[in-house]
Amino acid sequence: MKALLQCLSHTPLVGHVDPEPSVLDEVNRVIRYSRERVKAFDPELILLFSPDHYNGFFYDIMPSFCIGTNAYAIGDFGTTAGHLTVPAKLSEGAVQYVMDAGVDVALSHKMQVDHGFAQPLEFLAGSLDQVPVIPVFINSVAVPLPSFQRARLLGDALGRYLAKLNKRVLIIGSGGLSHQPPVPELETADSRIQDRLLGSGRNLPTEERQARTQRVIDAARRFVENQNTLHPLNPEWDQWFIERIATGDLISLDSVSNQDVSEKAGKSTHEVKNWVAAAAAMAAFGPYREENRYYRPIPEWIAGYGALTAIPACP
């Protein structure tokens, strides 16, 4: 087996505002299953699709997609800080291959990433640097946003590039399902926050980083008490989406508009495009089939939380 697909929601709120113990145990069992599956697969390379939350990418220059040849995790919300092990030449080759395939993508020789990258690597691979990883950023919060079709084509091109290698590739799509936490927007933010969104937030002072973390924690606690304080979760939409990924019905998502996603499931739900890109990369290795699936709406984490493991249909 040359490829393994693992789509997994991330949340900065784990350990800060957790659901009741039975739900937390359930999620931990899912993560443990996925981690053991990855360990048995023994990947030689990871292709990781993830968003950013205004920690590494800002409106000074906001690409739709970016591939890193070097990446550093900032360690927000208690995740590990440190360098990812990135095979620079492979990443450079990936950029050229994707561009030759007709998908415009940025290149970063100094990518800064947050919990969206760090958490799945910690949960699934054990650490940031355990396995070489090609980090791929998909803009999921800063309008204008890429479409589902472009995310699919990005994933397909990267999958075809890596399928040519004689390596076992773990493909990870990191992102929450329906959710809309209190993420600032450039158009409505005050001048101080606009300055942060334009790039000064790249290296926040410790006190301001802690205050930002606390604002998200406080919002989660209010949401648990009253789910009208933020955009409500949409389990029906989430289940519909997971079914599309599980069955490989990715092209049907091309017609889903960004506005429709924001209105039905929340403005941060565009993180699911990382699932789409990952599934398209997996499909480039050949047909795949679902092996394991999990879903639960978790208000404490302001998110529909899901996981999906898929393997080649014909190992």
Side-chain angles (χ1 to χ4, degrees), residues 2-3 5 7 45-52 56-57 59-71 86-111 113 116-117 132-167 169-175 241 244-245 247-262 269-288 310 312:
K2 289 299 182 182
L5 173 66
C7 294
L45 178 67
I46 295 174
L47 175 64
L48 171 55
F49 297 92
S50 180
D52 177 72
F57 291 86
Y59 271 116
D60 53 351
I61 301 176
M62 180 59 73
S64 293
F65 311 124
C66 185
I67 297 173
T69 64
N70 181 285
V86 182
K89 291 300 182 183
L90 271 182
S91 287
E92 290 175 8
V95 171
Q96 189 62 59
Y97 191 95
V98 169
M99 294 182 73
D100 289 345
V103 180
D104 292 329
V105 62
L107 167 68
S108 174
H109 291 299
K110 193 178 180 181
M111 184 184 282
V113 301
F117 284 83
V133 55
I134 296 177
V136 185
F137 159 77
I138 295 181
N139 172 27
S140 305
V141 295
V143 293
L145 297 163
S147 67
F148 278 93
Q149 182 186 49
R150 298 307 289 176
R152 177 177 61 80
L153 293 174
L154 170 71
D156 173 69
L158 282 167
R160 286 187 282 116
Y161 171 70
L162 295 181
K164 297 176 181 294
L165 306 178
N166 187 30
K167 292 181 180 293
V169 182
L170 170 63
I171 304 170
I172 301 176
S174 172
F241 172 79
R244 305 282 78 72
I245 301 297
T247 58
D249 183 21
L250 307 180
I251 291 180
S252 68
L253 294 167
D254 286 2
S255 61
V256 177
S257 72
N258 287 336
Q259 181 177 353
D260 187 60
V261 173
S262 294
T269 310
H270 297 279
E271 290 185 358
V272 299
K273 289 165 187 169
N274 294 281
W275 288 46
V276 172
M282 180 69 180
F285 281 78
Y288 65 78

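We use all heavy atoms of the structure for the numbers below, so side chains are in, but hydrogens, waters and symmetry mates are not. Only a predicted model underlies this, so the values are computations on that prediction, with no experimental measurement involved.
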Between Tyr161 and Leu90, does the side chain to side chain contact (heavy atoms under 4.5 Å, CB included) criterion hold? Intermediate values first, please. CA-CA 10 Å; Tyr161 171 70; Leu90 271 182; 3.5 Å; yes
Quick one: side-chain contact (heavy atoms from CB on, under 4.5 Å) partners of Ala279, sequence neighbours excluded? Leu5, Ile245, Leu250, Tyr288
Listed partners of Phe57 passing ring pair (Phe, Tyr, Trp, His ring centres under 6.0 Å), at least two apart: Phe137
Once side chain to side chain donor-acceptor pair (under 3.5 Å) is applied, do any residues pair with Arg152, and if so which ones, sequence neighbours excluded? Asp254
Which atom pair, heavy atoms only, marks the closest approach of Val86 to Ala71? CG2-N, 4.0 Å
When Val276 is tested against each of Ile138, Leu253, Val256 for side-chain contact (heavy atoms from CB on, under 4.5 Å), which residue passes? Leu253
Report the C-alpha separation of Ser262 and His270 in whole Å, then their side-chain angles, then the decisive distance to 0.1 Å, and conclude whether the side chain to side chain contact (heavy atoms under 4.5 Å, CB included) test is met. CA-CA 8 Å; Ser262 294; His270 297 279; 2.8 Å; yes
Please name all residues satisfying side-chain contact (heavy atoms from CB on, under 4.5 Å) with Ser257, sequence neighbours left out, ordered by chain then number. Gln259, Asp260
Specify the closest pair of heavy atoms between Ala278 and Ile171, including all atoms of both residues, with the distance to one decimal. O-CG2, 3.5 Å
Report yes or no: does Ser174 contribute a side-chain atom to a donor-acceptor pair with the main-chain N or O of Phe49 at less than 3.5 Å? no
Euclidean distance, Asp104 CG relative to Leu153 CG, rounded to 0.5 Å: 11.5 Å
Could you tell me which residues satisfy side-chain contact (heavy atoms from CB on, under 4.5 Å) with Ser108, sequence neighbours excluded, listed by chain and number? Cys66, Met111
Looking at side-chain heavy atoms only, is the closest gap between Val113 and Asp52 below 4.5 Å? no
Contacts of Phe65 that satisfy ring pair (Phe, Tyr, Trp, His ring centres under 6.0 Å) - sequence neighbours left out: none
To the nearest 0.5 Å, what is the distance between CD1 on Ile172 and CD1 on Ile134? 12.5 Å
Please say whether the positively charged group of Lys273, taken as NZ for Lys or CZ for Arg, lies over the ring of Phe148, i.e. under 6.0 angstrom from the six-membered ring centre and within 45 degrees of the axis. yes
Minimum heavy-atom separation for Gly159 to Ala284, with atom names? C-CB, 3.5 Å
To the nearest 0.5 Å, atom OH of Tyr59 lies from atom CE of Met62 at 6.5 Å
Qualifying residues under side chain to side chain donor-acceptor pair (under 3.5 Å), relative to Ser252, sequence neighbours excluded: Asp249
Results of side chain to side chain donor-acceptor pair (under 3.5 Å) for Thr69 - residues two or more places apart only: His109
Can you list the residues that meet the side-chain contact (heavy atoms from CB on, under 4.5 Å) rule with Asn70, with sequence neighbours excluded? His83
Name the residue from Leu162, Leu165, Asn166 that meets the side-chain contact (heavy atoms from CB on, under 4.5 Å) definition with Lys2. Asn166
Scan residues 157-167 for pairs that pass salt bridge (Lys or Arg N to Asp or Glu O under 4.0 Å), counting only residues two or more places apart or in two chains. Asp156-Arg160
Please give me the minimum heavy-atom distance between Leu158 and Ala94, naming the atom from each residue. CD2-CB, 3.7 Å
If the condition is salt bridge (Lys or Arg N to Asp or Glu O under 4.0 Å), which residues does Asp100 pass it with, not counting sequence neighbours? none
How far apart are the C-alpha atoms of Leu47 and Val136, what are their side-chain angles, what is the distance that settles it, and do they pass the side chain to side chain contact (heavy atoms under 4.5 Å, CB included) test? CA-CA 8 Å; Leu47 175 64; Val136 185; 3.8 Å; yes
Which value, rounded to the nearest 0.5 Å, describes the distance between Leu107 atom CG and Ile67 atom CD1? 8.0 Å
Leu45 to Pro87 - nearest heavy-atom pair and separation: CD1-CG, 3.9 Å
Sorted by chain and residue number, the side chain to side chain donor-acceptor pair (under 3.5 Å) partners of Asn139 (sequence neighbours excluded) come out as none
Atom CZ of Phe117 and atom OG of Ser50: how far apart are they, to the nearest 0.5 Å? 4.5 Å
Side-chain (Thr269) to main-chain (Val261) donor-acceptor, under 3.5 angstrom: no
Measuring from Leu170:CG to Ile46:CD1, what's the distance to the nearest 0.5 Å? 5.0 Å
